[in-house]
Number of protein chains: 2
Amino acid sequence: MVDEQDKLRATARAEVLKALAHPTRVYIVDLISREGPHCVCELTDRIGADTSTVSRHLSLLKSAGLLFDRKEGTTVYYDLTCDCIADFMSGLESVLRARHKRAQAAFSAAVGKD
Amino acid sequence: MVDEQDKLRATARAEVLKALAHPTRVYIVDLISREGPHCVCELTDRIGADTSTVSRHLSLLKSAGLLFDRKEGTTVYYDLTCDCIADFMSGLESVLRARHKRAQAAFSAAVGKD
DNA sequence: CCATTGTTTGCATAATTTGCCAAGGATGCC
DNA sequence: GGCATCCTTGGCAAATTATGCAAACAATGG
């Protein structure tokens with residue numbers, strides 16, 4: 001990274017990717033993206049981890065600018081800051097499909113060879 | 001993650017995201033996405049790290065199914081396995097723009113308040 | 001044989017990440 | 001006030017990851 005500008009750009013992108021790079025956090029974003037806002041308690045139930053752990057994941061996603069929270073009484077609801085995040089995750093789905101297809105092709109070629 | 005199926009899905013996605021969640025690897029993918037295939041030596045030059053370090057990043061991206069390599073003489077060229085990866089990174093760009101816009105709005109609100 | 005280009009391994013160090021427990025707010029109810 | 005609920009945070013230990021460096025190894029091409 002000779003260029004300092006490129007370095008900053010790459011770091012900013014990597015930060016967002018890092019925020020998403022965990023099964024639990026992917027699951028949270030997917031869930032909210034499909035079903036709308038959720039409170040911490042429900043997420044905790046569905047994830048099956050300690051409340052504190054879930055809360056940490058949520059605050060991390062919030063710090064990354066992917067989620068925002070809204071208090072209602074004692075419960076806190078988290079939601080996506082932008083629909084573009086759901087779109088982004090759909091793009092990831094395409095990558096996975098392509099990867100799978102590619103792996104299949106490689107397997108077939110290996111089996112079918114003489 | 002009560003459902004085992006969801007867990008696997010989330011893990012698969014997180015793996016790809018993790019592969020990309022590093023400034024150097026983001027930079028590599030961006031570079032190739034914009035300028036086409038690159039050999040290790042050129043990437044090493046532009047990144048400014050040890051050859052072994054760059055090689056490691058590349059093999060990680062390859063393991064994740066995002067890059068493939070092609071030998072030509074003694075040099076090895078890496079390229080994206082799929083254009084959908086470039087599309088995916090464009091989606092990330094949208095997320096960053098939205099994030100920035102949101103931060104700007106929050107700042108304006110904070111300054112403009114009475 | 002020798003140079004070039006990459007890969008891999010081993011190692012040491014540093015930094016990051018993760019998850020649970022326990023303690024600490026904040027809010028609402030009686 | 002007393003108490004339960006919902007969530008956040010600090011502390012801490014374990015595991016993972018990143019990096020550079022050195023060295024060995026492999027493949028290719030004069």
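Chain naming here is simple, since letters A, B, ... match the order of the sequence lines and numbering starts at 1 in each.
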What's the closest nucleotide to the side chain of [X] if the choices are [options]?
X      : options                  : result
D50(B) : dT19(D), dT8(C), dC21(D) : dC21(D)
K71(A) : dT8(D), dG6(C), dT27(C)  : dT27(C)
R25(B) : dG19(C), dT7(C), dA18(D) : dA18(D)
V76(B) : dG20(D), dC7(D), dT7(C)  : dT7(C)
T74(A) : dG10(C), dT27(C), dT7(C) : dT27(C)
S52(B) : dT18(C), dT9(D), dA22(D) : dA22(D)
T75(B) : dC21(D), dT5(C), dT5(D)  : dT5(C)

Do any side-chain nitrogens or oxygens of [X] fall under 4.0 Å of OP1 or OP2 in [N]?
X      : N       : value
T51(B) : dG6(C)  : no
H57(A) : dT17(C) : no
H22(A) : dG19(C) : yes

Margin query: Students often get this wrong, so: under 4.0 angstrom with heavy atoms, is Y77(A) touching a base, only sugar-phosphate, or nothing?
Written below: nothing
Between [atom2] on [N] and [atom1] on [X], what's the gap in Å once rounded to a whole number?
X      : N       : atom1 : atom2 : result
L61(A) : dT18(C) : CG    : P     : 11 Å
D45(B) : dG6(C)  : CG    : C1'   : 14 Å
E15(A) : dT16(C) : CD    : P     : 12 Å
L67(B) : dT7(C)  : CG    : P     : 11 Å
K62(B) : dT7(C)  : NZ    : P     : 8 Å
L60(A) : dT16(C) : CG    : C1'   : 11 Å
I28(B) : dG6(C)  : CD1   : C1'   : 14 Å
Y27(A) : dT18(C) : OH    : P     : 18 Å

Item checked: Salt-bridge contact D79(B)-R70(B) (side-chain N to carboxylate O under 4.0 Å) ->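 Between R70(B) and D79(B) there is no salt bridge, as every charged N stays at least 4.0 Å from the carboxylate O atoms.
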Note to self: What I want to find out is whether D30(B) reaches R13(A) closely enough, with some N-O distance under 4.0 Å, to be called a salt bridge.
What the structure shows: yes
Margin query: Working note: L31(A) + R34(A), criterion side-chain contact (heavy atoms from CB on, under 4.5 Å); need CA distance, chi angles, decisive distance, verdict.
Written below: CA-CA 5 Å; L31(A) 205 57; R34(A) 283 199 311 263; 3.8 Å; yes
Check: Is there a donor and acceptor pair, one atom on the side chain of R56(B) and one on the base of dG6(C), closer than 3.5 Å?
Finding: no
Check: Taking the six-membered ring for Trp, are H57(A) and H22(A) parallel (under 30°), tilted (30 to 60°) or perpendicular (over 60°)?
Finding: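 Answer is tilted, since the angle falls between 30° and 60°.
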Notebook entry, point to check: Taking it one step at a time, do Y78(A) and F68(A) satisfy ring-ring contact (aromatic ring centres under 6.0 Å, His included)?
Noted result: CA-CA 6 Å; Y78(A) 280 87; F68(A) 72 96; 8.6 Å; no
Check: Would you say the side-chain atoms of S63(A) pair up with the backbone N or O of S59(A), donor to acceptor, closer than 3.5 Å?
Finding: yes
Item checked: Most 5' of D69(A) and E72(B) on DNA chain D, judged by nearest nucleotide -> D69(A)
